[in-house]
Amino acid sequence: MTTTARPQEVGRTTVETTYREALREAIREALRADDRVFLMGEDVGSYGGCFAVSLGLLEEFGPERIRDTPLSESAFVGAGIGAALAGLRPIVEIMTVNFSLLALDQIMNNAASLLHMSGGQFNVPLVVRMTTGAGRQLAAQHSHSLEGWYAHIPGIRIVAPATLEDARGMLATALRDPDPVLVFEHGSLYNMKGTLDAAAGAVDIDRAAVRRPGEDLTLITYGGTLGKALDAAERLAADDISAEVIDLRTLRPLDDATIIGSVRRTRRAVVVDEGWRSGGLSAELSARIMEQALFDLEAPVARVCSAEVPMPYPRHLEEAALPQVETIVRAARDVVG
Amino acid sequence: MTTTARPQEVGRTTVETTYREALREAIREALRADDRVFLMGEDVGSYGGCFAVSLGLLEEFGPERIRDTPLSESAFVGAGIGAALAGLRPIVEIMTVNFSLLALDQIMNNAASLLHMSGGQFNVPLVVRMTTGAGRQLAAQHSHSLEGWYAHIPGIRIVAPATLEDARGMLATALRDPDPVLVFEHGSLYNMKGTLDAAAGAVDIDRAAVRRPGEDLTLITYGGTLGKALDAAERLAADDISAEVIDLRTLRPLDDATIIGSVRRTRRAVVVDEGWRSGGLSAELSARIMEQALFDLEAPVARVCSAEVPMPYPRHLEEAALPQVETIVRAARDVVG
Amino acid sequence: MSTRRAQEQRRREHLTGLLRTMLLIRRFEEACAELYSAARIRGFVHLYVGEEAVATGITAALGRDDWVVSTYREHGHALARGLPLDAVMAEMFGRQTGVSRGRGGSMHLFDRAHGFVGGNAVVGGGLPLAVGLALADRMQGRDRVTACFFGDGAVAEGEFHECMNLAALWRLPVLFCCENNRYAMGTALAKEHAETDLALRASSYGVAAWPVDGMDVLAVEDAARRGVEDVRGGGGPVFLELRTYRYRAHSMYDPDRYRDKDEISAWKEHDPIDALCARMRQDALLPDGTRERLAEEVACLVDAAVEVAEQAPLEPVEDLTRFVTSEVEPEVVAG
Amino acid sequence: MSTRRAQEQRRREHLTGLLRTMLLIRRFEEACAELYSAARIRGFVHLYVGEEAVATGITAALGRDDWVVSTYREHGHALARGLPLDAVMAEMFGRQTGVSRGRGGSMHLFDRAHGFVGGNAVVGGGLPLAVGLALADRMQGRDRVTACFFGDGAVAEGEFHECMNLAALWRLPVLFCCENNRYAMGTALAKEHAETDLALRASSYGVAAWPVDGMDVLAVEDAARRGVEDVRGGGGPVFLELRTYRYRAHSMYDPDRYRDKDEISAWKEHDPIDALCARMRQDALLPDGTRERLAEEVACLVDAAVEVAEQAPLEPVEDLTRFVTSEVEPEVVAG
Ligand SMILES: Cc1ncc(C[n+]2csc(CCOP(=O)(O)OP(=O)(O)O)c2C)c(N)n1
Ligand SMILES: Cc1ncc(C[n+]2csc(CCOP(=O)(O)OP(=O)(O)O)c2C)c(N)n1
Ligand SMILES: [Mg+2]
Ligand SMILES: [Mg+2]
């Protein structure tokens with residue numbers, strides 16, 4: 001279990017903040033601490049970041065280190081790889097995961113492969129941030145949740161901050177990683193408010209976190225659906241169903257120990273993820289649980305994912321397409337039987 | 001069970017051919033039958049196709065219908081989409097799956113999404129062919145097996161011919177599909193020799209095929225690893241283990257009926273796929289079997305996949321990275337216990 | 001004499017039509033801004049206010065069968081192309097009566113009957129479609145033109161390069177309509193491009209290319225007619241750099257911090273609607289009150305469209321996964 | 001007088017060095033062809049025979065600390081850059097002693113000690129890396145140059161466009177070395193590009209660009225020196241179109257059906273090695289027998305390299321998944 005899950009100790013000073021501000025503080029801290037670090041992407045500078053994450057950083061760090069790029073995803077992601085090879089610590093922002101497909105060749109064939117192809121000579125200490133997820137009626141081309149799909153690629157680490165602590169702390173750890181790290185920020189979390197330890201800083205990015213302990217089943221999720229899973233657990237508690245909620249935090253590599261350990265205890269699991277169902281991350285989790293805990297299971301591992309459809313614009317259809325508290329509760333009740 | 005699995009009936013005339021020639025015949029037949037059909041891609045013309053599949057077609061059909069393109073994967077795949085929208089039936093060849101990443105935005109955000117985004121007005125009758133797979137010492141950037149990964153995308157059909165019948169027959173059916181079909185040809189199969197019904201033609205692309213019936217376990221695979229699975233079944237038969245071998249043929253949508261039906265009978269399954277293990281197609285199959293047949297299983301569904309490494313060049317390392325007859329046999333013995 | 005009057009009459013009708021189209025677009029966009037602020041429509045909404053002359057002038061030069069490929073800033077293109085106002089507005093509300101059955105929303109307007117192929121929200125993503133549509137027309141011997149709209153920012157994307165080369169190499173009937181409004185979101189032209197003369201850049205592919213005053217609807221229409229004539233005549237693609245400006249923020253989501261207000265007001269001095277009116281008055285083609293009458297007329301239509309849209313039905317939830325694959329049966333091909 | 005002799009002496013040594021490098025590359029490539037035909041090396045192997053003057057002339061103008069970004073046709077670049085012959089040959093055999101521990105093979109030669117950043121086998125894929133390397137040098141105030149090799153075919157890829165614009169926009173120290181050998185696999189230049197004057201195309205980004213006789217090593221070296229000087233001096237990127245020709249098929253896999261033999265022999269008339277020898281003889285800088293002596297010398301070295309390589313160890317199978325992630329510990333950064 002990770003430090004980010006620790007209970008607030010009494011007497012500690014905390015600050016009111018948002019997910020967006022926590023991300024910004026993390027970037028600011030990294031820029032101040034290490035002059036090899038710079039932020040590069042479309043509209044990170046004078047616009048302030050398409051979701052205002054980097055607002056104000058241009059004024060503090062100037063256009064060299066808060067570097068606006070033209071619309072050229074493949075070139076500036078690849079340039080981030082090259083700059084990392086040459087000793088810098090780039091943070092490349094791709095506005096949203098939907099556009100990252102244009103840079104996928106650079107991510108898979110260079111960032112993830114250079115170390116191996118070169119026999120260990122060229123590691124790529126690159127961090128790529130992007131917004132992911134649906135839920136804001138942005139329709140088919142702006143609503144993908146592909147982080148679980150990216151987790152198929154060897155040679156990169158995938159993290160998905162779901163809490164203020166992780167929004168604040170994952171970047172520093174990612175920047176210390178000698179290899180590429182992709183950070184997926186869910187678009188519906190930017191305005192999430194809460195309190196954060198005033199001294200909050202780097203967090204581990206190796207372990208999943210148990211966000212709520214429980215006995216009767218394990219809800220496994222991450223990122224944008226953690227809140228829904230916790231709400232579902234609350235609802236289930238009302239019917240005396242005790243659900244443990246695991247926040248994966250890092251989608252590659254997966255923390256089998258925490259996941260399997262929990263399911264061995266609860267003997268039931270529901271995986272919740274906002275990606276399309278077939279071939280999504282939930283399938284991998286289901287397969288691992290089958291391989292490592294089949295005979296502990298009282299019921300099949302259930303998957304609550306998005307409908308396999310390019311996301312429609314209207315709210316009622318989008319809500320029907322996405323995992324919801326109700327659908328999680330229903331799936332949990334079914335596996336508990 | 002599909003027609004391609006039918007036993008050779010006596011008295012039927014057959015021809016000696018190869019996987020490559022069967023693919024070529026299918027393209028030739030389509031070009032002759034329907035003048036809306038054309039082939040477009042890098043070096044499909046004067047070079048004869050990078051793996052000689054289209055050799056000779058330029059001479060027969062001319063440069064308009066056997067259309068060489070510049071190195072512009074995104075543009076010519078997107079142009080295929082546009083041509084399909086305007087009433088043609090393009091066959092777009094991407095030399096190999098490794099380069100298809102450059103066209104992924106067009107595939108996911110246009111080919112797979114236009115029908116839905118337009119409320120049903122614009123379907124995309126496009127066929128995209130590409131070579132996939134490892135095994136020829138082509139190293140990290142030329143050895144991907146991403147067909148299972150592509151199967152995550154709603155709105156496209158994924159097929160993988162593993163036999164001469166399917167190499168000969170899948171294209172015609174794909175061309176009749178009103179929606180995009182991606183055809184993955186495994187690079188190690190092009191020289192596969194065999195006999196083919198002289199009258200061989202269109203085959204169904206909805207159902208998986210049982211390539212070898214058996215009782216004790218089900219080996220589920222497709223494409224380049226079908227041969228290895230059949231060899232493994234042969235080896236297992238020697239120890240009185242009767243393995244049923246299923247060729248998925250179509251990776252999206254999956255034919256659950258055939259897969260689950262078999263596993264319900266055999267109560268044991270090993271999924272073999274050349275993609276990276278985590279988040280690959282095997283995980284989806286494992287998850288579906290868990291969901292639909294958990295209580296019929298005598299053992300966890302096993303996965304035999306590629307090692308999670310950018311493919312190394314040396315033969316001994318590549319062989320160690322890929323599924324092999326031995327590893328399939330070992331996995332099968334383990335699940336049979 | 002009477003022929004001269006007839007001509008004048010035709011000219012008046014034509015210019016009045018252009019004016020009405022621009023007024024309709026502007027009113028539609030203003031309504032969208034209000035509706036968005038009132039949270040009655042959602043998603044990303046990109047307005048076209050200030051750029052009306054471009055869509056209006058280009059589409060005026062197109063024929064019924066021609067194709068139009070557009071972007072996420074396409075309300076103006078759609079209305080100028082003649083897509084039914086009620087169906088376009090219904091799309092903003094995500095209603096079944098919308099041009100895309102409400103599944104697309106503001107960024108994904110489609111209409112096969114008008115050859116309107118979207119509504120593409122990945123910058124540059126529409127260009128390959130345009131090349132393919134044109135390729136099909138060329139291969140099938142149709143003399144259609146494909147008009148493809150995209151912005152100055154799209155010119156930096158690799159797809160622009162690949163598509164310019166392909167269209168020029170194969171001499172395809174594409175009219176590339178680059179809406180240079182000087183910004184890609186918050187990024188000014190000079191921070192997007194090493195060479196900011198976009199017509200010059202386009203001509204390096206061996207494509208006829210020239211800049212056009214995108215605030216003057218008559219200049220746009222004239223350039224478009226010449227371009228369409230070349231393209232349809234088999235002369236290969238033509239690239240028009242339409243110099244224009246968006247008065248409003250990039251999207252309803254954009255706080256617009258990156259430009260100073262003087263720049264915006266300076267451009268408003270060249271408002272395309274005012275400019276056309278001035279021109280028409282000069283030529284005595286705009287009787288007093290006409291502009292006001294037309295403005296009122298389109299305002300009523302837009303208000304009515306809003307009302308109809310809000311009453312219109314939604315797609316049933318059970319139909320969520322419709323249109324992922326086609327409902328028609330696979331066709332049976334001879335042979 | 002004696003200074004003149006000293007100069008002449010230096011010149012002789014320099015030209016002899018260039019000649020030796022070209023002979024080494026050619027011999028290495030011929031050996032690879034034999035080894036591939038004998039199935040002693042595998043994978044895709046792309047030979048450089050005929051293009052030796054390009055790698056030799058460009059690298060002659062680079063400094064020790066400069067970066068080189070290359071393609072899958074990079075044996076010549078690697079050898080000219082000074083990567084150890086034995087280690088390059090061992091890579092062909094997939095041995096642990098290879099420059100990339102044998103994991104890369106022919107298409108993926110890497111050597112950090114020589115600033116040789118691969119060995120990129122996705123056409124155009126190396127260009128963004130070059131832009132990034134140059135960006136890092138610029139931001140860190142180093143006066144390094146990044147030489148980036150790519151072919152005429154790569155110019156059609158979107159990444160070329162994005163990278164030319166980015167490098168020009170940010171005035172980055174990149175020397176773009178376009179090896180125009182007139183074919184992309186089997187596709188002739190005129191079928192790849194609407195505008196076949198590639199230097200002209202490059203200049204449309206506001207980049208200094210000119211064509212160079214890629215069969216004349218002295219012309220290449222001279223152009224490279226001028227280019228490197230501009231680039232290092234902060235003048236922004238330079239693009240050299242190096243007009244050359246490959247004598248052999250695209251890869252050992254290619255039956256070479258798409259060009260006629262006369263074209264090949266016509267180009268062989270301008271063989272870069274013969275041309276340099278003629279020039280040296282003319283200037284009395286090539287004593288009789290020198291070429292033969294050098295040819296024999298490099299042949300012995302290549303044969304020796306083959307022998308060593310075949311004896312060299314393979315990576316242990318247990319190490320299959322090494323180098324997927326780094327073995328070093330995450331660094332601890334102050335603060
Ligand atoms: C590939 C891609 N990258 C980024 C975005 C986000 N985005 C949407 S519009 C836009 C600016 C486009 O500018 P321009 O092409 O000039 O068109 P304009 O909005 O000015 O009409 C950006 C960056 C996107 N939709 N697609
Ligand atoms: C993106 C991509 N598409 C296709 C290929 C297959 N391919 C390898 S080399 C080549 C031709 C490249 O031609 P050019 O850039 O002129 O370099 P040359 O081989 O002539 O040196 C092609 C099509 C590839 N490796 N990468
Ligand atoms: Mg713009
Ligand atoms: Mg070439």
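Lettering of chains follows the sequences in order, A, B, ..., and the numbering in each one begins at 1.
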What part of [X] gets closer than 4.5 Å to chain A, counting heavy atoms only: side chain, backbone, both or neither?
| X | result |
| --- | --- |
| D:L133 | both |
| D:Q140 | side chain |
| D:L169 | side chain |
| D:N165 | side chain |
| D:F160 | neither |
| D:V324 | both |

Between [Y] and [X], is there a side-chain heavy-atom distance shorter than 4.5 Å?
| X | Y | value |
| --- | --- | --- |
| A:L88 | D:L135 | no |
| D:W170 | A:T69 | yes |
| D:M139 | A:E64 | yes |
| D:P128 | A:I81 | no |

### Task
Would you please say whether a donor-acceptor pair under 3.5 Å links the side chains of D:T325 and A:D179?
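No pair is found: no donor N or O on one side chain lies under 3.5 Å from an acceptor on the other.
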### Task
Tell me yes or no: between the side chains of A:S74 and D:E162, is some donor less than 3.5 Å from an acceptor?
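No donor-acceptor contact under 3.5 Å links the two side chains.
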### Task
Could you please state which residues from residues 312-322 of chain D sit under 4.5 angstrom from chain A, measuring non-hydrogen atom to non-hydrogen atom, sorted by number, or 'none'?
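Checking residues 312-322 of chain D against chain A gives D:L320, D:R322.
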### Task
Would you please go through residues 64-80 of chain D and name the residues with a non-hydrogen atom below 4.5 Å from one of chain A, in numerical order?
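At a heavy-atom separation under 4.5 Å, chain A is reached by D:W67.
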### Query
Short question: side chain of A:Q121, backbone of D:A113 - any donor-acceptor pair under 3.5 Å?
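No.
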### Message
Heavy-atom pairs under 4.5 Å with chain A: which of D:R112, D:R138, D:E91, D:R103 has the most?
### Response
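Highest number of pairs under 4.5 Å: D:R112.
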### Message
At a heavy-atom distance under 4.5 Å, which candidate from D:A136, D:C163, D:S100 has the highest pair count against chain A?
### Response
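Winner by heavy-atom pair count: D:S100.
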### Message
With rounding to the nearest 0.5 angstrom, report the CZ to CE distance, D:R101 to A:M117.
### Response
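One gets 16.0 Å once the value is rounded to the nearest 0.5 Å.
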### Message
Quick check for you: to the nearest 0.5 Å, what is the distance between A:S118 atom OG and D:L109 atom CG?
### Response
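Between A:S118 OG and D:L109 CG, I get 11.5 Å after rounding to 0.5 Å.
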### Query
A:G155, A:P90, A:G80: which one forms the most heavy-atom pairs within less than 4.5 Å of chain D?
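Most pairs with chain D among the choices: A:G155.
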#### Entry: Max heavy-atom pair count under 4.5 Å with chain D, selected residue of A:L85, A:I156, A:L102
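Result: the option with the highest number of such pairs is A:L85.
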### Task
Check whether A:S113 gets within reach of chain D through its side chain, its backbone, both or neither, counting any heavy atom under 4.5 Å.
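For A:S113, there is no contact with chain D at all, as no heavy atom is under 4.5 Å.
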### Query
Can you say whether A:R157 sits under 4.5 Å from chain D via the side chain, the backbone, both, or neither, judging by heavy atoms?
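For A:R157, no heavy atom lies under 4.5 Å from chain D.
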### Task
State, to 0.1 Å, how close D:S326 and A:L115 come at their nearest heavy-atom pair, and which atoms those are.
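That closest heavy-atom pairing would be N-CD2, 3.5 Å.
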### Task
Can you see which heavy atom on A:A75 is nearest to which on D:L166, and at what distance?
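Heavy atoms of A:A75 and D:L166 come nearest at CB-CD2, 4.0 Å.
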